[in-house]
Amino acid sequence: MHPSSGIHGPRLQPADEARTECGSFRSARLGVSALLCAVALFAAGCHNNNQTSGAGVAWITLTDQPGDFSSYIVNVDSITLTRSDGTPVGPLLGPETVDFTKLSDLSELWGSATIPIGTYTSAQIVLDYTNAVISVMVNGLPQKAKVVNAAGAAVTTQTINVNLDPAGQLTVPDTYAATSAQRLAIDVNLAASTPSVNLATSPATVAVRPYLTVGVAPSDKKLIRVRGPLINSSVSLGTYTVYVRPFLDEADNFGSLSLFVDANTIFTTNGVVTTGTTGCAAAKDCGITQLSESSAGTTVTAAYTTFEPTATPTATAGKFHPKYVLAGSTLEDVYTSGLEGDVVSRTGNTLKVRGSTLQLYTGGTTGTSLYCTSASTTACTDATVKIGPPTIVRADDTTLTNLDYNSVAVGQHVVIRGIFTAPATGAIDIDATGSTAYNTGSVRLISTHLWGSLVSSSTGVLSMNLESINNWPVSAFTFAGNGTSAAADPVAAAFTVNTGALAVPVTTVGDPLWVDGLVAPFGSAPPAFDATAIASEASVPASLQVHWTGTGTKTPFSVLSAAGSTIDLANTSSAVIRIGPESVALASLPVSPQFTVVPQAGIASSVPGVALFTPRFSYGDPTAVAPAGIHVFSAFGTFATDLTTALATAAALQMEARGTYNRATNTFSASSVDVVL
């Protein structure tokens, strides 16, 4: 089973069509020549588009807070903004097919849009669940679930109305410069969007009630992925410009954007790894030079960027600064299909990849994401991938050299390009051997997350009792072949990690650990893993999830204060703190934990007075029509006051807070809180 790609040309509201002087700059399946005017409009104005054009620019990003899903594929249809005078504007109309499980660690730039000047007070986002593919984990295996609404009926299009923070509404100034653009960050909360998951049915049943927030600043420090075909580049300025083509879209363009690289930016272009703009052994070895020699219009790029605010002209303006860039066949090409997932076993040169999302090349201009292609509705088939000596292997965000097909080992998170075939069984089969001119087989090694507890540590190495890899239970992985011999194959109870010069933050045996890095090459363990970061439980992302019984409660908190709030557990049907795969029941603790709020001070950018990210608090009924709906705040005090008023007539059904949990102090420090009414 797979969702409809749902990829069509973006559409403008009539007011936008009347305003543009360049004709229909967003028609479907635009070619490069037809977009030349769009580049001018989005990047620097078109004809007399200037300080009195009556329009500004906004960057719209999309991310999620994760839930217990191995896939969550839906169509994101559109976003509509409502100005303070009641005027609706549709800056981005899709639809786009999105697997939200692939957005947990990053944000995606959905588009760069021209918007009439003014202050915008609310947003409406439309999600289409008609062909949704939502899968959950059952006994360590992904299972495609039956998707229903809270009443048990089939789910189709869902419209969510969000009222922006009264202290942080979207104000679009009269401008022509992309560096004056405003940021609008959309965050879909999968945990808060899920009233229930029933694993007892066959297949499992997932109830959905989508919940999301919108703000002019993000509530996290995630890198932003900016994908799209190359327009041009400037070696001297250290910049390049792309049409924005988000997610897995292969046809549409949502504006354009210039990105600013530096000497530390890592480039991987057509399999060649280079760095930066200066300090290279030769000019040709610099990444921006390599990119400048690529074909404009046909070379697809993806930059993983930070967002750097600027002090002027507005507090939310800024620029995108890539940490690393992928381009050309390293990212994708017209001959191969892409697959992202986790290697659960390797036999010879054949991989089994679980939890995969497939970007299918159809021979035309459309791309789609597939998951769980088995004919059965109750089981999801692992993808089979063949690799070999010609397979090009690179690691994201690193200049590692001497990587080859044996660098792909069990446990590694990967993105693979190869030739797709669909056997009669409906399974996914990818040939990434790179054995022909049309099979530019490649594997990208992606940073992989380990969760477990400390067994022992010494200089440069630690041993851990491994519990999960990328949230899959360790029992899902067969490590045969990862060791130098069968006797040296890794075992979960004593999984060895090369720590190098990294400090190990815990010393007591049994203390939880979160380790990021890459699996050691196939056939080389021990050690079994090369760490790039190590964190204790108290510093890794955690989720506080509470469900109240029946129709909810009007007294969800015994105390509601920024200094320390306490949940009333008397009416809860479920209340847990999730840290990686670990689940801590609040009822098992001596007392209900307090949750405090991350102070806004200390999270500012290098620009005085400009926030790099801000806490985000919200409450509301995601099914309510405008002007009701979800209410968003950056100040906890205002949130608490408004929520208390709302609870006089409405009941709380769920709460999900994101932050970190300190077991020693029994304190949850939250950077976001969402209360579902």
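Along the sequence shown, residues are numbered consecutively beginning with 1. Because the structure is predicted, anything quoted here is derived from the model rather than measured.
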Residues Ser135 and Ser71: side-chain donor-acceptor under 3.5 angstrom: yes
Step-by-step ring-ring contact (aromatic ring centres under 6.0 Å, His included) determination, Phe617 to Phe633: CA-CA 5 Å; Phe617 314 107; Phe633 307 88; 8.7 Å; no
Arg227 with Glu250: basic N within carboxylate O range, under 4.0 Å: yes
Under 3.5 Å donor-acceptor, Gln158 side chain and Ile125 backbone: no
Val76 side chain near Leu62 side chain, heavy-atom distance below 4.5 Å: yes
Over all atoms of both residues, closest heavy-atom pair of Pro66 and Ser104: CB-OG, 3.4 Å
Heavy-atom side-chain contact between Leu190 and Tyr72 under 4.5 Å: yes
For the student: nearest non-hydrogen atoms of Val226 and Thr305, plus distance: CG2-CG2, 4.2 Å
Cationic N near anionic O, under 4.0 Å, Arg354 to Asp382: yes
Validation row, ring centre Tyr304 to ring centre Tyr324 under 6.0 Å: yes
Contact check, side chains of Phe668 and Ile577, non-hydrogen atoms, under 4.5 Å: yes
Note: Lys323-Asp397 ion pair, threshold 4.0 Å (strictly below): yes
Contact check, side chains of Lys386 and Ile430, non-hydrogen atoms, under 4.5 Å: no
Donor-acceptor pair, side chain of Thr63 and main chain of Leu106, under 3.5 angstrom: yes
Heavy-atom side-chain proximity of Ile446 to Arg444 below 4.5 angstrom: yes
Donor + acceptor pair across side chains of Arg658, Ser672 (<3.5 Å): no
Between Asn471 and His449: side-chain donor-acceptor atoms closer than 3.5 Å: no
Check: Lys146/Thr201 side-chain N/O donor and acceptor closer than 3.5 Å: no
CA sep, side-chain torsions, deciding dist, call: Val148, Val208, side chain to side chain contact (heavy atoms under 4.5 Å, CB included): CA-CA 6 Å; Val148 299; Val208 298; over 6 Å; no
Heavy-atom pair of closest approach, residues Ser356 and Leu339: CB-CD1, 3.4 Å
Residues Thr448 and Gln412: side-chain donor-acceptor under 3.5 angstrom: yes
Any donor-acceptor N/O pair, Thr532 side chain to Asp516 backbone, under 3.5 Å: yes
Side-chain donor/acceptor of Arg578 to backbone N/O of Ala542, under 3.5 Å: no
Nearest heavy-atom neighbours spanning Leu518 and Ala395: CD1-CB, 4.0 Å
Minimum heavy-atom distance between Leu586 and Ser592, given as atom pair plus value: CD2-OG, 4.4 Å
Aromatic ring pairing Phe639/Tyr619, orientation class (parallel under 30°, perpendicular over 60°, tilted between): tilted
Side-chain heavy-atom pair Leu466, Leu450 within 4.5 angstrom cut-off: yes
N/O donor-acceptor pair under 3.5 Å between Thr549 side chain and Asn571 backbone: yes
Donor-acceptor contact present, side-chain Glu108 to main-chain Phe247, <3.5 Å: yes
Glu582 bridged to Arg663 by N-O distance under 4.0 Å: yes
Spacing of Arg616 atom CZ and Ser219 atom OG [to the nearest 0.5 Å]: 5.0 Å
Residues Asn666 and Tyr661: side-chain donor-acceptor under 3.5 angstrom: yes
Listed once per pair and sorted, the side chain to side chain donor-acceptor pair (under 3.5 Å) pairs that draw on residues 185-200, sequence neighbours left out: Gln65-Asp187, Asn189-Glu656, Asn189-Asp674
Within-4.5 Å side-chain heavy-atom neighbours: Leu445 and Val393: yes
Residue pair Asp429 / Thr384, side-chain donor-acceptor N/O under 3.5 Å: no
Check: His413/Asp342 side-chain N/O donor and acceptor closer than 3.5 Å: yes
Stepwise ring-ring contact (aromatic ring centres under 6.0 Å, His included) test for Phe479 and Phe495: CA-CA 11 Å; Phe479 294 111; Phe495 196 82; 5.7 Å; yes
Sidechain-backbone polar pair: Gln143 side chain, Ala204 backbone, donor-acceptor under 3.5 Å: yes
Close side-chain approach of Tyr211 and Ile630, heavy atoms under 4.5 Å: yes
Side-chain (Asn75) to main-chain (Asp77) donor-acceptor, under 3.5 angstrom: no
Donor-acceptor contact below 3.5 Å, side chain Asn482 vs main chain Val410: yes
Considering all heavy atoms, the nearest Val408-Arg346 contact: O-NH1, 2.7 Å
No-hydrogen, no-angle side-chain donor-acceptor test under 3.5 Å, Thr336 and Arg417: yes
Under 3.5 Å donor-acceptor, Ser588 side chain and Ala585 backbone: yes
